[in-house]
Amino acid sequence: MKLLTCPMNGTRPLNEFIFGGEYREGPDQKTCTDAEWASYVHNRSGAPGDKKEWWYHSPSGTWFIAERNTLTDKVTRTYLLGANNNNSSLAQENGK
């Protein structure tokens, strides 16, 4: 069984989570050009590697960030956005 660590509820089965997409810092909406905004909205690199992703723990309603290598599917840590990242939960995986 694949597991994922929610920063609020600890390690839980993956079927309790919903993938929310890649987390990316957006351009400043007040100063960016239309082309920069369009590129942010429509373009993704898609290259495998280390990514920050949104995940949702559906029983508790918690959105959080997981840092995952999309090539190896290994999660290195999870944390709440804006939280002190030094207290992030270390991901634990036990099989796939």
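Below, all heavy atoms of this structure are taken into account, side chains as well, without hydrogens, waters or symmetry copies.
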- Task: With the side chain counted from C-beta on, respond yes when Ser58 and Phe17 share a heavy-atom pair under 4.5 Å apart, and no when they do not.
- Result: no
- Message: Using ring centroids (six-membered ring only for Trp), state whether Tyr23 and Trp54 fall under 6.0 Å.
- Response: yes
- Thr70 and Glu53: CA distance, side-chain angles, deciding distance, side chain to side chain contact (heavy atoms under 4.5 Å, CB included) verdict: CA-CA 10 Å; Thr70 57; Glu53 301 172 329; 3.8 Å; yes
- Inter-residue atom distance Arg68.CZ - Glu22.CD, 0.5 Å rounding: 10.0 Å
- Query: Looking only at side chains, do Thr5 and Thr11 share a donor and an acceptor under 3.5 Å apart?
  - Reply: yes
- Out of curiosity, Asp34 CG to Ser39 OG, how far, rounded to the nearest 0.5 Å? 12.5 Å
- Can you name the nearest heavy-atom pair linking Leu71 to Asn69, along with the distance? N-OD1, 2.7 Å
- Whether Glu16 side chain and Pro13 backbone form a donor-acceptor pair below 3.5 Å: no
- Separation between CD (Glu25) and OH (Tyr40), nearest 0.5 Å, reads 8.5 Å
- Test side chain to side chain contact (heavy atoms under 4.5 Å, CB included) applied to Phe64 and Leu4, step by step: CA-CA 11 Å; Phe64 61 96; Leu4 186 62; 4.1 Å; yes
- Message: Pair Leu14, Trp55 - check side chain to side chain contact (heavy atoms under 4.5 Å, CB included), show working.
- Response: CA-CA 10 Å; Leu14 188 61; Trp55 283 85; 4.1 Å; yes
- Query: How about Asn43: does its CG atom have over 12 heavy atoms from other parts shown lying under 6.0 Å from it?
  - Reply: yes
- Item | Sole candidate of Leu80, Thr78, Thr62 that passes side-chain contact (heavy atoms from CB on, under 4.5 Å) when paired with Cys6 | Thr62
- Message: Classify the ring geometry of Tyr56 against Trp63: parallel below 30°, tilted from 30° to 60°, perpendicular beyond 60°.
- Response: tilted
- What's the spacing between Lys51 NZ and Arg44 CZ if we round to 0.5 Å? 10.0 Å
- Task: Verify side chain to side chain contact (heavy atoms under 4.5 Å, CB included) between His57 and Arg12, making sure each step is shown before the conclusion.
- Result: CA-CA 9 Å; His57 183 237; Arg12 310 292 303 161; 3.9 Å; yes
